[in-house]
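Structure record follows, encoded as structure tokens.
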Amino acid sequence: MIQSILKISIKPGYRPQSDDKTPLADAIDFYRLRQLTNSQRWQMGISLTRWAKTVSLRGMRKACPSTYPEKFAQSVLGSKWLPILTPTSNPSMWTQDPSEIARLLHPIFETLGISYYITGGVAASVYGDPRTTRDLDLVIEFIRDNIYQLVEALETAGFYCPPGAVEDIQEGRGRVLSITHMTLVLNADIVLNSNTEFDRSKMARRRLEALDSAGVEQFWIASPEDVVLAKLLWRQQSQSQKQWTDVLGIMKVQAEILERGYLTEWAEKLGLVDDLNLAFIEAGI
């Protein structure tokens with residue numbers, strides 16, 4: 001391993017994930033990340049999220065010994081949830097991570113025959129640089145007229161589904177259902193797949209990945225190429241540095257495994273050629 005690290009060369013334009021890291025240190029970190037499996041990177045992301053929540057709880061406990069659960073609840077979900085969700089008896093439930101909500105949603109979708117895939121920050125951690133993430137983002141293939149069947153299944157499993165969002169989806173005014181598990185206090189954004197060529201392609205190319213530590217539990221994840229393209233599109237609209245860092249992380253880890261022909265084809269169709277080329281340069285591939 002040491003000999004392989006010594007052979008690492010840094011290409012011109014390579015960009016570290018943070019300003020306080022040298023290109024060589026960054027390249028070494030990603031060499032190590034490439035040795036891990038998708039499951040191991042997923043577990044790293046879980047550990048980081050749990051650690052961040054634990055630190056937040058400790059800080060609030062120290063600052064406000066008598067009211068820290070309420071203050072943490074309010075910072076996460078807002079004051080309207082406090083009467084229901086304040087963890088007065090078991091504050092440790094606030095350290096759950098998005099994998100818990102994925103375990104609850106997967107069997108619901110499978111039972112109802114709903115195709116889905118996980119995307120967003122969780123997918124970026126699976127394929128790239130593991131990081132904390134607060135919510136789980138999923139895309140589903142779904143007929144709007146069946147929304148109440150899905151809502152019934154979600155509510156039976158302990159989720160709160162905002163009535164206004166449910167009505168908007170049923171009436172064709174909305175595509176996003178933001179749900180909250182009432183016990184675990186975890187959020188997920190469920191997005192209805194759009195009927196575009198790119199969105200159909202993303203659903204067709206999803207991957208069933210075993211992501212638990214034992215390699216048994218399986219979840220549908222968007223492909224790394226589609227996560228890159230989706231994040232480049234989102235960055236175009238929001239100028240989010242986090243999206244760009246996620247893109248570079250995926251490219252640095254997946255490197256030569258990426259289907260560059262697919263990326264190039266869709267970058268041309270989506271108007272992302274310049275962004276994709278820059279990402280290749282800053283990822284050093």
Side-chain angles (χ1 to χ4, degrees), residues 4 7-17 23 26-27 29-42 45 115-131 137-141 191 193-211 218-285:
S4 298
K7 294 179 181 179
I8 291 177
S9 60
I10 309 299
K11 293 185 177 181
Y14 184 93
R15 177 174 179 170
Q17 297 295 92
D26 190 80
D29 284 346
F30 276 95
Y31 171 84
R32 291 170 173 158
L33 282 174
R34 283 193 292 274
Q35 313 312 307
L36 304 179
T37 64
N38 290 343
S39 175
Q40 288 171 322
R41 288 188 292 271
W42 163 280
S115 298
Y116 81 92
Y117 61 78
I118 294 171
T119 186
V122 171
S125 291
V126 170
Y127 295 128
D129 190 5
R131 65 170 175 85
D137 297 316
L138 308 101
V139 176
I140 64 173
E141 195 72 67
V191 182
N193 202 29
S194 295
N195 188 28
T196 68
E197 185 182 1
F198 180 48
D199 288 301
R200 291 193 297 270
S201 177
K202 287 188 287 183
M203 186 63 72
R205 297 179 76 254
R206 65 193 178 127
R207 301 179 176 187
L208 189 61
E209 297 274 0
L211 295 176
Q218 295 183 317
F219 305 97
W220 289 101
I221 313 286
S223 74
E225 295 84 7
D226 289 318
V227 178
V228 165
L229 290 166
K231 284 186 169 291
L232 287 178
L233 273 174
W234 183 252
R235 176 178 176 268
Q236 234 183 27
Q237 301 169 18
S238 65
Q239 296 301 308
S240 168
Q241 183 59 38
K242 181 170 65 176
Q243 305 301 327
W244 187 250
T245 302
D246 281 346
V247 166
L248 296 184
I250 295 170
M251 288 185 147
K252 290 173 183 178
V253 170
Q254 300 301 314
E256 302 304 322
I257 302 175
L258 289 169
E259 294 184 29
R260 295 187 66 161
Y262 179 86
L263 283 169
T264 300
E265 175 187 355
W266 277 106
E268 291 174 351
K269 292 180 179 179
L270 299 170
L272 298 171
V273 173
D274 291 342
D275 288 343
L276 180 64
N277 288 337
L278 180 60
F280 276 125
I281 292 171
E282 294 196 354
I285 59 177

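Start at 1 with the first residue, then count along the sequence. What you see is a predicted model; the values in this text were computed from it and never measured.
- Checked against salt bridge (Lys or Arg N to Asp or Glu O under 4.0 Å), Arg15 has the following partners two or more places apart in sequence or in another chain: Glu282.
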Using salt bridge (Lys or Arg N to Asp or Glu O under 4.0 Å), reason through Arg206 and Asp226 one step at a time and then give a plain yes or no.
CA-CA 9 Å; Arg206 65 193 178 127; Asp226 289 318; over 6 Å; no
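- Classified by interplanar angle (parallel below 30°, tilted 30° to 60°, perpendicular above 60°), the ring pair Trp266/Phe198 is tilted.
- Looking only at atom types and distance, the side chain of Ser223 has no donor-acceptor partner in the side chain of Arg207 under 3.5 Å away.
- A search for salt bridge (Lys or Arg N to Asp or Glu O under 4.0 Å) contacts involving Arg260 returns nothing, not counting sequence neighbours.
- Atoms CG and OH, from Asn193 and Tyr117 in turn, are 5.0 Å apart once rounded to the nearest 0.5 Å.
- Note on Arg200 versus Glu141: no salt bridge recorded, every NZ/NE/NH1/NH2 to OD/OE distance being 4.0 Å or above.
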Show your reasoning for whether ring pair (Phe, Tyr, Trp, His ring centres under 6.0 Å) applies to Tyr127 and Trp42.
CA-CA 8 Å; Tyr127 295 128; Trp42 163 280; over 10 Å; no
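- Residues meeting the side-chain contact (heavy atoms from CB on, under 4.5 Å) test with Glu256, sequence neighbours left out: Ile285.
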Could you walk me through whether Lys202 and Glu225 pass the salt bridge (Lys or Arg N to Asp or Glu O under 4.0 Å) test, one step at a time?
CA-CA 9 Å; Lys202 287 188 287 183; Glu225 295 84 7; over 6 Å; no
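- Within the model, atoms OG of Ser125 and CD1 of Ile118 stand 11.5 Å from one another, a figure rounded to the nearest 0.5 Å.
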Side-chain atoms of residues 269-280: list all donor-acceptor pairs with protein atoms under 3.5 Å, sequence neighbours left out, distances to 0.1 Å.
from   : atom 1 : to     : atom 2 : distance (Å)
Lys269 : NZ     : Glu197 : OE2    : 3.3
Lys269 : NZ     : Glu265 : OE2    : 3.2
Asn277 : ND2    : Val273 : O      : 3.3

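- With sequence neighbours left out, the ring-ring contact (aromatic ring centres under 6.0 Å, His included) criterion links Phe30 to no other residue.
- Here the straight-line distance linking atom CE of Met251 with atom CG of Leu263 works out to 5.5 Å at 0.5 Å rounding.
- With Arg41 contributing its side chain and Asp129 its backbone, the two residues share no donor-acceptor pair below 3.5 Å.
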Can you check salt bridge (Lys or Arg N to Asp or Glu O under 4.0 Å) on Asp29 and Lys252, steps first, answer last?
CA-CA 10 Å; Asp29 284 346; Lys252 290 173 183 178; over 6 Å; no
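- Between the OG1 atom in Thr119 and the NZ atom in Lys231 there is a gap of 7.0 Å [rounded to 0.5 Å].
- With sequence neighbours left out, Glu268 forms a salt bridge (Lys or Arg N to Asp or Glu O under 4.0 Å) with no residue at all.
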